[in-house]
Asker: 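Just passing along the structure, written as structure tokens.
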Amino acid sequence: MEEINRFLRLLKKHRLILIIVPAITVIITYFLVRNLPNSYVSQTQIATGIVDNTQSSLTGEATGKSWSEVSQAFANLMEVMRLKKILDQVSYKLIIHEISAKKSFRPIPTELQVYNQQELKKVLSTFQDKYNKTQGLNLWENEQVKLYNVLRAIGYDSESIKNNVRINRVGDSDFIMVEADTENPELSAFIVNSLTEEFIKYYTFLIKQNQRKANTFLDKMLVEKRAAMNSNVNALRDYKIKNRVLNLEEQSSQLYAQIITYNDQKQSILKDIASNTGAVNEIDARFDPKDRKYLESTLTSINQRLLSTKEELRSLYDLYIQNDFEPSYKESIDSVQRILTSQINQSSDQYINSPLAAKQALIQQKLQLEVQLDLSRYSMNSIENELLSLNAQFDKMVPHEAQVQSLEREVDISSKEYLDALEKFNQSSMESGFAIKINQVQIAMPGLPQPSKKMLLVIISGIVTFIFCLVVLFILYFLDDTISSPKELANKTGVAVLGGLNTIQGSVVDLNEIWNSSSSDSINQFKDQLRSIRFEIDKEIKNGVIAITSMKEFEGKTLLALSLAHAWKMTNKKVLIIDGNFTNPGISKSLDTSMYIEDYLNGTTELSQLQTDQSVTVLANKGADTSPLEIADSETIKLKINQLKELFDLIIIETAPLSKMNQSKEWLIFAGNVIAVFEARQSLNDEKLNDIAYLTSLGDQFTGWVFNKQESSLSTRKRIKSSKNG
């Protein structure tokens, strides 16, 4: 809070600056802006078709764009409108109008008036040629530099136009607003319409050029993709013809099915062979060698016929397997099988009364099993041969299958690429046939004059200047490390402040008039401050000797000493003032006295010679470059001072400043209380910090500070202690 009050006091002190400087600025601004021309704004709107669904066409273009994509699209369009190339075209149209039209928008500049009719025609031709070719001026050529200077002089160069034109999107709509602000309503409309026309022309040319390039590129790519697709199709066709491949997938499926079928037949036959072999072995185990011998001799002729029939049956089985189990062969096999069964039954009938008669059934069964076993073995051989043949065909088919798949994959890829290219080509061709979506929906017309901004500029200038002054004062306040209040002094030094004294106006201060009159509030406040300081000192007085010092010259020691003497005088106390400042004897010069401290200390003046009948007695000094101990020794001075204490209630010694450390220290030896005067608005440097350290080293002898030359609004009715010491 104290800092705020201090800053407010600083503002109050410089209030004239805060009033006068903004007032001067307002007056100057008024005279500068009073002759400003009126401003005329003309505007137009451009529909972009970016977010407007009514602008959509058959191109299938997606209208659901994200907010960032829409913002980027509008930003790109507005930056295209600000291109120097487009602004140059507007510049050329303006200068061509100024040269060729009967009525110009602006006064002809002197740079253009120097040209004669022939030169003007040449200049006009140059600008028209630049406009038709959409070229900028070449500033490396002197002639074109002159033309550029003409544009700048009349305010038709690209930068001037750019500064007068505002391009913005209208909210979140599909429209772009273009505004021009000039001193001529017709000029504003001309700039807006010309800029819009040149932008649409340039944008249309740019889009169409890109579409033509895209169509050319896509057409070339389409031809390449078609050729690649045809090449891959021909390669696949030639490979199938060369390798006699019809449909590998169907053929491989059929072969694989046949292999599975034969494998199943093989497994079934193997099972039959195993079972029949085991049954025959079991039957043989039941016969002894004599029985088998008899049986073999009896059935020799029958066995010959059986072997012949078995051979025929084996041949039929081979044909049956080789012809993929043709049903006609199955009928022949069944017929031969019946013949074989008849022969086996016939052989059973040939048995006579023999050792084998009892085993007739076993013999017949064995013969049938042997026939079945032989047939199974014959079938196994045929099936294995067919399996080998089928596997060989399948193995030959695998490389063809891999190659055909590779070729078909290449055909698929090339076909897809061709179809994609064809789709893009058709899309691009269709888009190139449509008109550009961007169009001017509102022609710019000459506008009405805008409300004057002169008064606003004047007010803003005053406000800005006032704020600037506040900022400057705040910076000065922030950088100011001087002490301007007793509280700051107490906080920074750690020593109590006995009180403060306001500055008294005038070159001569009459203390008698101050104490005997109450002419003004400032004088009364000054007396109150002295009374407060006197009261604080009375509570701390030790031996009746008070030394008043300061850290530098002219801080107010003399005024304080005299003022305190008169303050104690008002309490009916006898006060002696000793001017101990030999280097600057201010008291000695201001008062007419014939009594000197040098004479008293060296014994020239006796105690009885002092004028003790007055309430305030003064011992002056002769102003020589000396010190107390150079006049008399320490014991003599103590003795003399003790004698003075018997005559006076208080002795006030004004010492030299602490910058004259030897003189001030010698006087402080004999004082019971030391009071230091501190002038307001000074900072603490290293030298002053050393002086403060010396004063604080005195302990209780150093009574405190008197804050002098403070602002009159400060109150010093009570003792101010440092925050460090409570």
Side-chain angles (χ1 to χ4, degrees), residues 1-33 454-507 509 519-530 532-533 550-552 554-556 559-560 677-685 688 705-724:
M1 193 63 183
E2 178 65 24
E3 296 294 329
I4 296 176
N5 293 332
R6 181 183 173 190
F7 180 64
L8 293 177
R9 290 194 296 270
L10 178 66
L11 296 181
K12 183 178 180 181
K13 180 179 179 181
H14 298 90
R15 59 185 178 275
L16 291 178
I17 295 177
L18 295 175
I19 296 173
I20 294 174
V21 173
I24 294 174
T25 305
V26 167
I27 294 172
I28 294 174
T29 305
Y30 171 76
F31 283 103
L32 290 176
V33 303
K454 299 176 184 178
M455 186 57 63
L456 180 61
L457 293 175
V458 171
I459 295 173
I460 290 176
S461 66
I463 295 174
V464 170
T465 307
F466 180 77
I467 294 175
F468 176 76
C469 293
L470 285 178
V471 171
V472 171
L473 291 176
F474 178 78
I475 293 174
L476 294 177
Y477 166 77
F478 183 77
L479 298 177
D480 184 18
D481 60 348
T482 59
I483 298 174
S484 58
S485 68
K487 186 175 182 179
E488 289 183 53
L489 178 61
N491 290 334
K492 289 188 177 182
T493 60
V495 180
V497 178
L498 302 175
L501 292 175
N502 294 340
T503 302
I504 301 298
Q505 303 296 329
S507 58
V509 178
S519 57
S520 64
D521 292 338
S522 62
I523 296 298
N524 291 332
Q525 187 179 22
F526 184 79
K527 288 192 295 184
D528 290 341
Q529 291 168 346
L530 282 174
S532 176
I533 295 172
S550 65
M551 291 188 290
K552 64 182 183 66
F554 309 113
E555 291 198 71
L559 177 62
L560 178 63
V677 180
F678 188 91
E679 183 180 358
R681 290 172 295 282
Q682 62 175 318
S683 57
L684 299 179
N685 53 27
K688 292 177 182 178
W705 299 97
V706 173
F707 194 74
N708 193 25
K709 300 181 183 180
Q710 67 179 3
E711 297 179 9
S712 60
S713 59
L714 295 176
S715 176
T716 57
R717 292 187 176 275
K718 61 180 180 178
R719 183 172 182 172
I720 300 174
K721 298 182 179 181
S722 86
S723 59
K724 298 178 182 178

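All residue numbers refer to positions in the sequence shown, counting from 1.
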Asker: Just verifying a value: how many Å separate Lys688 NZ and Ser550 OG, rounded to the nearest 0.5 Å?
Answerer: 10.0 Å
Asker: Find the distance between CD1 (Ile27) and CG (Leu32) and round it off to the nearest 0.5 Å.
Answerer: 12.0 Å
Asker: So do the side chains of Asn524 and Lys527 get within less than 4.5 Å of each other, counting heavy atoms only?
Answerer: yes
Asker: Suppose we screen for side chain to side chain contact (heavy atoms under 4.5 Å, CB included). Which residues come up paired with Val472, at least two apart in sequence or across chains?
Answerer: Phe468, Leu476
Asker: Would you name the heavy atoms of Ala680 and Phe707 that are closest together and state the gap between them?
Answerer: CB-CZ, 3.4 Å
Asker: Grab the two heavy atoms, one from Pro22 and one from Gly462, that are nearest each other, plus how far apart they are.
Answerer: CB-O, 3.8 Å
Asker: Can you tell me how far OG1 of Thr25 sits from CD1 of Ile20, rounded to the nearest 0.5 angstrom?
Answerer: 11.5 Å
Asker: Considering non-hydrogen atoms only, spot the tightest contact between Thr493 and Leu489 and give its length.
Answerer: OG1-O, 2.6 Å
Asker: Quick one: sort the Phe478 and Phe474 rings into parallel, tilted or perpendicular, breaks at 30° and 60°.
Answerer: parallel
Asker: Assess whether side-chain contact (heavy atoms from CB on, under 4.5 Å) is satisfied between Leu501 and Ile533, documenting all intermediate values.
Answerer: CA-CA 9 Å; Leu501 292 175; Ile533 295 172; 3.8 Å; yes
Asker: I'd like to check the side chain to side chain contact (heavy atoms under 4.5 Å, CB included) partners of Leu18; sequence neighbours left out, ordered by chain and number.
Answerer: Leu11, Phe466, Cys469, Leu470, Leu473
Asker: Which heavy-atom pair separates Thr29 from Leu457 by the least distance, and what is that distance?
Answerer: CG2-O, 3.8 Å
Asker: Search all heavy atoms of Asp481 against all heavy atoms of Ser683 and return the closest pair with its distance.
Answerer: OD1-CB, 3.5 Å
Asker: Start with the C-alpha gap between Val495 and Trp705, add the side-chain angles, then the distance that decides, and say whether side-chain contact (heavy atoms from CB on, under 4.5 Å) holds.
Answerer: CA-CA 7 Å; Val495 180; Trp705 299 97; 3.4 Å; yes
Asker: I'd like to know if the side chain of Glu555 and the backbone of Glu679 have a donor-acceptor N/O pair within less than 3.5 Å.
Answerer: yes
Asker: Quick one: pull up OG in Ser485 and CG in Asn491 and give me the separation to the nearest 0.5 Å.
Answerer: 8.0 Å
Asker: Apply side-chain contact (heavy atoms from CB on, under 4.5 Å) to Lys709 and Thr503, showing your working.
Answerer: CA-CA 4 Å; Lys709 300 181 183 180; Thr503 302; 3.5 Å; yes
Asker: Donor-acceptor pair, distance only, cut-off 3.5 Å: does the side chain of Thr465 make one with the backbone of Ser461?
Answerer: yes
Asker: Could you tell me whether the side chain of Gln710 reaches within less than 4.5 Å of the side chain of Pro486, counting heavy atoms only?
Answerer: yes
Asker: Do Lys492 and Ile483 come close enough that some side-chain heavy atom pair is under 4.5 Å?
Answerer: yes
Asker: Output the distance between atom NZ (Lys552) and atom CG (Asn685), rounded to the nearest 0.5 Å.
Answerer: 10.5 Å
Asker: Check whether any side-chain heavy atom of Phe678 sits under 4.5 Å from a side-chain heavy atom of Val706, and report yes or no.
Answerer: no
Asker: Of all the heavy-atom pairs spanning Arg681 and Thr482, show the shortest one and how long it is.
Answerer: C-CB, 3.7 Å
